[in-house]
Novice: 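The structure under discussion is supplied below as structure tokens; questions concerning it will follow.
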Number of protein chains: 2
Amino acid sequence: MCLATMKDYYARDLVVTRFNRGTRMPYQSPVSDFQFIFDNVVGFSQVAETEKFAEATEDMVTAILAEAGKVADEVMAPVQRNGDLNPAYLENGVVRTSPGFADAFAQIAEGGWLGISADADNSGMGLPTTVATAMNDMMSGACLSLALNPLMTLGQIEALEHHASDALKDLYIPKLISGEWCGTMNLTEAGAGSDVGALAAKAERNGDGTYAISGQKIFITWGDNDFSKNICHLVLARLPDGVPGTKGISLFVVPKFLPDENGEPGQRNSLGVVSLEHKLGLHGSPTAVMEYNDATGWLVGEEHGGMAAMFTMMNNARLGVGVQGVGVAEAAYQQALSYSLDRKQGKTGGDTGMIFDHADVRRMLATMKADVFASRSIALACAVAIDMGNATDDADWKARAALLTPIAKAFGTDIGNEVSQLGIQVHGGMGFIEETGAAQFARDVRVTSIYEGTNGIQSLDLVGRKLMDGGEAAYRIFEEIETGAEAARASNPIMAEAVWQATETLRETTEYLVSVSMAERGSVAVPYLRAFARVLGGHFHLTAAVAEGGNGPRTKLARFYMARMLPEHVSLLSQVRASHDDVMALTPEDLAV
Amino acid sequence: MCLATMKDYYARDLVVTRFNRGTRMPYQSPVSDFQFIFDNVVGFSQVAETEKFAEATEDMVTAILAEAGKVADEVMAPVQRNGDLNPAYLENGVVRTSPGFADAFAQIAEGGWLGISADADNSGMGLPTTVATAMNDMMSGACLSLALNPLMTLGQIEALEHHASDALKDLYIPKLISGEWCGTMNLTEAGAGSDVGALAAKAERNGDGTYAISGQKIFITWGDNDFSKNICHLVLARLPDGVPGTKGISLFVVPKFLPDENGEPGQRNSLGVVSLEHKLGLHGSPTAVMEYNDATGWLVGEEHGGMAAMFTMMNNARLGVGVQGVGVAEAAYQQALSYSLDRKQGKTGGDTGMIFDHADVRRMLATMKADVFASRSIALACAVAIDMGNATDDADWKARAALLTPIAKAFGTDIGNEVSQLGIQVHGGMGFIEETGAAQFARDVRVTSIYEGTNGIQSLDLVGRKLMDGGEAAYRIFEEIETGAEAARASNPIMAEAVWQATETLRETTEYLVSVSMAERGSVAVPYLRAFARVLGGHFHLTAAVAEGGNGPRTKLARFYMARMLPEHVSLLSQVRASHDDVMALTPEDLAV
């Protein structure tokens, strides 16, 4: 076999075939959907009214959403396919990136998007997380493999702002915002994935205030590239006197090139990319195994206080990953809708013959659309809670943000997977053919339900830590939903009743859940989280219908959701009552039969 | 970028990394599971007691299952990865196949497996479809991309046996069984996928009894290869006097090389492979665009009677595709189980630290295992009905086979997708890395829910044609389930009640469904089929538990299924009651908002 390159193999033109194989529709950022959700569904105006975010006026936010959409559509979407066809690769220890990625990144940086959330003091835009979340959603839909790069940098800026010394902040943050340098997160090791506390990377005090970092880290997203002057690695490692587990871990910033006296990249640090992974998707995003050999690093935060610093970053990263799922779902949906209107098949399709007119195809499209809206609303409601918590320091807002985060992450990414799989199905046979791009969405988004804490771990976080208040934060949300449903009875009685009933069932199940031991919650955490999201989705669809009034598209979609999708909560919540023993009784021997 | 070949890219060794990346467990055919299901769940003994299948004695079947398992494990499984790493490709008009495929195919042919179902008169083994279905399941789990080749040939043999003239039978069948020649099915065209009747391929009478076939066919599985002496294409085309739609279609056998007077491959026929598709999975299975230019063909069956001939083949092919899903699910499950016992993570994992001990991981594994059993039992029950229909010509058995076929196809392949996705999830981050093979299962199996009639079309077949008897065949099954549940009350009261109740709900919903118009059934067909399968799964799990007695692994798994999986039917069946208007009211404009 002598296929010259991956590119030739993938891009092989089928010009000799006669048939229309479907045109790839360019991604279009759903700017008006964000505007509607901001204004009518998640109450963004509360955020804009706080002192902290006083500059996020209506006009400002509208302009920012439109501009972010433009970058996604015009700069990022055009390179999405490149990343898949021309994967990043390692050449003499340097990562070579996919064609067009360097340019696109430069334009993102020029637009100031890397500073969207950073404090104005650090020359950032200081915009609320809600706005940044909308931007992440759009950028992820346009080109997830590239979007991960700025996302890592945004996370690093946030961690440095909260935990680094002024000297480090002054040196790193402006260069990260300008895009000259970019950032990575180094947590995972071969023996420490979900269990970060097991990590083995070592840090030694050099005696001059710096540290020597050694160890191997895996799954490092954008661990290197060929367009940044410097790459700044945030690395978790253990000092000699660090206790075992998470409490003995410290956080360091370890740059690829040591800054010289002018703060410019100087001597090469003793770290490098060992290899890149060959992955199911996200071929444009280099995933590195990194090796550190007495690499020079600087402490971020306190010694042994690394996990606290990482947690700030990880919590917001979880919401960020949630909208990665939503964004890819949006893109997969747009393409499937477009294909369904273009593709003709069969006789039951009415006059047009488009497959859109087949009831089951339309059911799939409506399912996709309804869940994109539900998962996006949940993510943005979570973002509003984060912003309100930051702006007001109010414990209830913080608890709400903490509760919604695992739901936003797990549900958003599950929907990313489900919607992109439905997108393949809508394409029929052409869905299995790579050139339509339908499969790329499914491949790219697959990891989002795994990284940043698997969705199983998100569910455990929800039924564990997030219900440790005895369910109080959850009950406050249920109350809010029921109040909304009561108010909606006049205009939308059937939908209001469905949401109200579902919330009651969820409340009763939550009461049951907080009454049983943590061990017993483990095997029912996933269906519980899903049911919670289903009910929240009902709430937001109802809210949208009420805001729209009449019988417009949002109301019709809400009606579809209530009849076809909300009922899922019944089966899910009945599973929550199932005995833990049913699972744990099954031994390896039983399951090997 | 200068990646030398796909192979280099995919196979790049990560020898420099230090960590155990998980070992790929070799596939092991679940021979004992088949034996158990044959003996205790689907009543295979009825088949063996018929005159037609008198030779399928218990000993014979046991030996055949073991032998088929050996071929799958020892011949096919070792090349499964080759197909992915070294895709089939087109070189000067000839398809070059993946390394090892030619040898493996030769061994399959030598073993006589291509004649498993063929009449003894035609030097076949004449074994029941139930046994062939078990073989397909195992071969699909071992290496689906290779298994498709014999499967196509098996289908061709069947079509020729039923519809071809004696001369054609005598010429083709022995060579197909010996593996010297192999077969393909050519239905799909660019404008005729699910709607076969729209096809444009033309046939002209040559005046000498042969026909001249012209047109382009797409998605032709194993359209060519480099190890068969001849490739025999079954092609649907329309004669000049063929009416539009399916009633004007005729079936032809069109060989790559025209048989000479000795029946050996002679002159090259005017047909060829235009291109191969680049697909999400099944890289080892060449999917061709075929072009016919006045190619010489021979009529199979009657002029304009092509669809009848194809239907024989397609119906059984649907069951065959159903077990492709089951087989891949089995393989994905085996690997995930093995990984979960090997991989250590976290502190809540008890003494061993294996991720198997995490409740949510075990929940996923039990879900996988329980659905492999449910979908396999449904497929084998369908196969038994097909065999009984063929052996007895009894209308009830035939109706039962017809009813179960779309369920076996859609549910088996849905489970293939779901289980392989869960397999990725169990692997955590390594699931996204291609070298574990977890992703290959998901990629390979994806098309099974699309080809041979999308699962949406299977569902429409179920709620349409298969309920045209007013639900009689379905009610007979419900009765059987309830009788079984009544009998199980003594030994397994809780499970028996769950199955009984679920069946009642399914019966009521079926009564409702047969009372509404076909148009109204369209948008609820998919959840209805799924609920039907869930209830059947409950029945077979209960049957297995009763047969096992006590509290063994099958009983424990059944208990898990009843508590965690059977409840899905509640939400699904409530969707079936949803108004068709909810879907059809959504216009393209609504869905574009």
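Residue numbers start from 1 in every chain, and the chains themselves are labelled A, B, ... in the order their sequence lines are given, proteins ahead of strands. All values below were derived from every heavy atom in this structure, side-chain atoms included, with hydrogens, water molecules and symmetry-related copies excluded.
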Novice: Pair B:Leu591, A:Tyr333 - check side chain to side chain contact (heavy atoms under 4.5 Å, CB included), show working.
Specialist: CA-CA 10 Å; B:Leu591 287 173; A:Tyr333 167 69; 3.2 Å; yes

Novice: Please report the closest heavy-atom contact between A:Met368 and A:Ala336, naming both atoms and the distance.
Specialist: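 Between these two residues, the closest heavy atoms are CE-CB, 3.8 Å.
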
Novice: Could you tell me which portion of B:Arg521 (side chain, backbone, both or neither) has an atom closer than 4.5 angstrom to a non-hydrogen atom of chain A?
Specialist: neither

Novice: Among B:Arg564, B:Gln425, B:Arg559, B:Lys369, single out the residue with the greatest number of heavy-atom pairs under 4.5 Å to chain A.
Specialist: B:Arg564

Novice: Heavy-atom distances under 4.5 Å only: say whether A:Ala585 touches chain B with side chain, backbone, both or neither.
Specialist: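 For A:Ala585, heavy atoms of backbone and side chain both lie under 4.5 Å from chain B.
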
Novice: Less than 4.0 Å between a side-chain N and a carboxylate O, is that true for B:Lys556 and A:Asp581?
Specialist: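 Looking at A:Asp581 and B:Lys556, the cut-off is not met.
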
Novice: For chain A, find which of B:Ala563, B:Ser523, B:Gly522 contributes the most heavy-atom pairs closer than 4.5 angstrom.
Specialist: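 Sorted descending by pairs with chain A, the first entry is B:Ser523.
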
Novice: Rounded to the nearest 0.5 Å, what separates atom CD in A:Gln334 from atom CG in A:Leu365?
Specialist: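 Going from the CD atom of A:Gln334 to the CG atom of A:Leu365 covers 12.5 Å.
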
Novice: Of the listed residues (B:Gly281, B:Ala519, B:Ala370, B:Ser574), which shares the most heavy-atom pairs with chain A below a 4.5 Å separation?
Specialist: B:Gly281

Novice: I'd like to know which of A:Ser340, A:Gly456, A:Gly197, A:Gly429 tops the heavy-atom pair count under 4.5 Å against chain B.
Specialist: A:Gly429

Novice: Output the option from B:Leu280, B:Asp33, B:Asp590 having the highest count of non-hydrogen pairs under 4.5 Å with chain A.
Specialist: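 Among B:Leu280, B:Asp33, B:Asp590, the one with the most close pairs to chain A is B:Leu280.
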
Novice: Between B:Pro588, B:Ala439, B:Gly552, which residue shows the highest count of heavy-atom pairs closer than 4.5 Å to chain A?
Specialist: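 Maximum pair count with chain A is reached by B:Pro588.
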
Novice: Under 4.5 Å from any heavy atom of chain A, what part of B:Leu341 do you find: side chain, backbone, both or neither?
Specialist: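 Only the side chain of B:Leu341 comes within 4.5 Å of chain A.
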
Novice: Given that the side chain runs from C-beta out, which part of A:Arg577 has a heavy atom under 4.5 Å from chain B: side chain, backbone, both or neither?
Specialist: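 Neither part.
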
Novice: Where does A:Gln421 contact chain B at under 4.5 Å (heavy atoms): side chain, backbone, both or neither?
Specialist: both

Novice: Go through the steps to decide whether A:Phe219 and B:Met430 satisfy the test side chain to side chain contact (heavy atoms under 4.5 Å, CB included), and finish with yes or no.
Specialist: CA-CA 9 Å; A:Phe219 297 157; B:Met430 286 307 292; 3.6 Å; yes

Novice: Of the backbone (N, CA, C, O) and the side chain (C-beta and beyond), which part of A:Val524 lies under 4.5 Å from a heavy atom of chain B, both, or neither?
Specialist: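 Contact with chain B: backbone and side chain both.
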
Novice: Closer than 4.0 angstrom, basic N to acidic O: yes or no for A:Arg443 and A:Glu434?
Specialist: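 Judged by the 4.0 Å cut-off on N to carboxylate O distance, A:Arg443 and A:Glu434 do form a salt bridge.
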
Novice: Crowded around B:Gln28 CD? As in, over 12 foreign heavy atoms under 6.0 Å?
Specialist: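 Counting other residues, nucleotides and ligands, CD of B:Gln28 stays at 12 neighbours or fewer.
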
Novice: At a 4.5 Å cut-off on heavy atoms, which part of B:Arg96 comes close to chain A: side chain, backbone, both, or neither?
Specialist: neither

Novice: For B:Ser449, is it the side chain, the backbone, both or neither that has a heavy atom under 4.5 Å from a heavy atom of chain A?
Specialist: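 The answer is both parts of B:Ser449.
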
Novice: Could you grab the distance from atom OG1 of A:Thr448 to atom CG of A:Asp414, nearest 0.5 Å is fine?
Specialist: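 Going from the OG1 atom of A:Thr448 to the CG atom of A:Asp414 covers 8.0 Å.
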
Novice: Among B:Met584, B:Met562, B:Glu568, B:Met565, single out the residue with the greatest number of heavy-atom pairs under 4.5 Å to chain A.
Specialist: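 Of the options given, most contacts go to B:Met584.
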
Novice: Give, as side chain, backbone, both or neither, the part of A:Leu566 having an atom under 4.5 angstrom from any heavy atom of chain B.
Specialist: neither

Novice: Who among A:Asn551, A:Thr188, A:Leu572, A:Thr587 has the most heavy-atom pairs with chain B under 4.5 Å?
Specialist: A:Thr587

Novice: With respect to chain B, which residue among A:Gln575, A:Glu589, A:Arg446 yields the maximal number of heavy-atom pairs within a distance under 4.5 Å?
Specialist: A:Arg446

Novice: With a 4.5 angstrom heavy-atom cut-off, is it the side chain or the backbone of B:Ala592 that approaches chain A, or both, or neither?
Specialist: both

Novice: Using a strict cut-off of less than 4.0 Å between a Lys/Arg side-chain nitrogen and an Asp/Glu carboxylate oxygen, indicate whether A:Arg363 and B:Asp582 qualify as a salt bridge.
Specialist: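 So A:Arg363 does not pair with B:Asp582 through a salt bridge.
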
Novice: Under 4.5 Å heavy-atom distance to chain B, tell me which part of A:Ala442 shows up: side chain, backbone, both or neither.
Specialist: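 When you check distances to chain B, no heavy atom of A:Ala442 falls under 4.5 Å.
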
Novice: Please round to the nearest 0.5 Å and tell me the distance separating atom CG of B:Asp360 and atom CD1 of B:Ile355.
Specialist: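 Reported value, rounded in 0.5 Å steps: 10.5 Å.
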
Novice: Is A:Phe36 close to chain B through its backbone or its side chain, or both, or neither, when contacts mean heavy atoms under 4.5 Å?
Specialist: neither

Novice: Measuring heavy-atom distances to chain B, does A:Ser98 have an atom under 4.5 Å in its side chain, in its backbone, in both, or in neither?
Specialist: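 No part of A:Ser98 comes within 4.5 Å of chain B.
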
Novice: Quick one: does B:Glu548's side chain have a donor or acceptor within less than 3.5 Å of a partner on B:Thr555's backbone?
Specialist: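 Pair found, side chain donor or acceptor close to backbone of B:Thr555.
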
Novice: Nearest 0.5 Å please: distance from the CG atom of A:Asn86 over to the OG1 atom of A:Thr97.
Specialist: 10.5 Å

Novice: Could you tell me which non-hydrogen atom of A:Ala359 sits nearest to which non-hydrogen atom of B:Val583, and how far apart they are?
Specialist: O-CG1, 3.8 Å

Novice: With a 4.5 angstrom heavy-atom cut-off, is it the side chain or the backbone of B:Leu586 that approaches chain A, or both, or neither?
Specialist: both

Novice: Atom OG1 of A:Thr454 and atom NE2 of B:His427: how far apart are they, to the nearest 0.5 Å?
Specialist: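 Reported value, rounded in 0.5 Å steps: 14.5 Å.
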
Novice: Determine whether more than 12 heavy atoms belonging to other residues, nucleotides or ligands lie under 6.0 Å from atom CD of B:Glu520.
Specialist: yes

Novice: Which residues pass the ring pair (Phe, Tyr, Trp, His ring centres under 6.0 Å) test with B:Phe432, not counting sequence neighbours?
Specialist: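 Not a single residue meets the ring pair (Phe, Tyr, Trp, His ring centres under 6.0 Å) criterion with B:Phe432.
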
Novice: What part of A:Leu557 lies closer than 4.5 angstrom to a heavy atom of chain B: side chain, backbone, both or neither?
Specialist: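 Both parts, backbone and side chain.
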
Novice: Let me know if A:Phe356 has heavy atoms under 4.5 Å from chain B in its side chain, its backbone, both or neither.
Specialist: side chain

Novice: Between B:Ile424 and chain A, which part of the residue has a heavy atom less than 4.5 Å away: side chain, backbone, both or neither?
Specialist: both

Novice: Side chain, backbone, both or neither: which part of B:Ala366 has an atom under 4.5 Å from a heavy atom of chain A?
Specialist: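 Both parts, backbone and side chain.
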
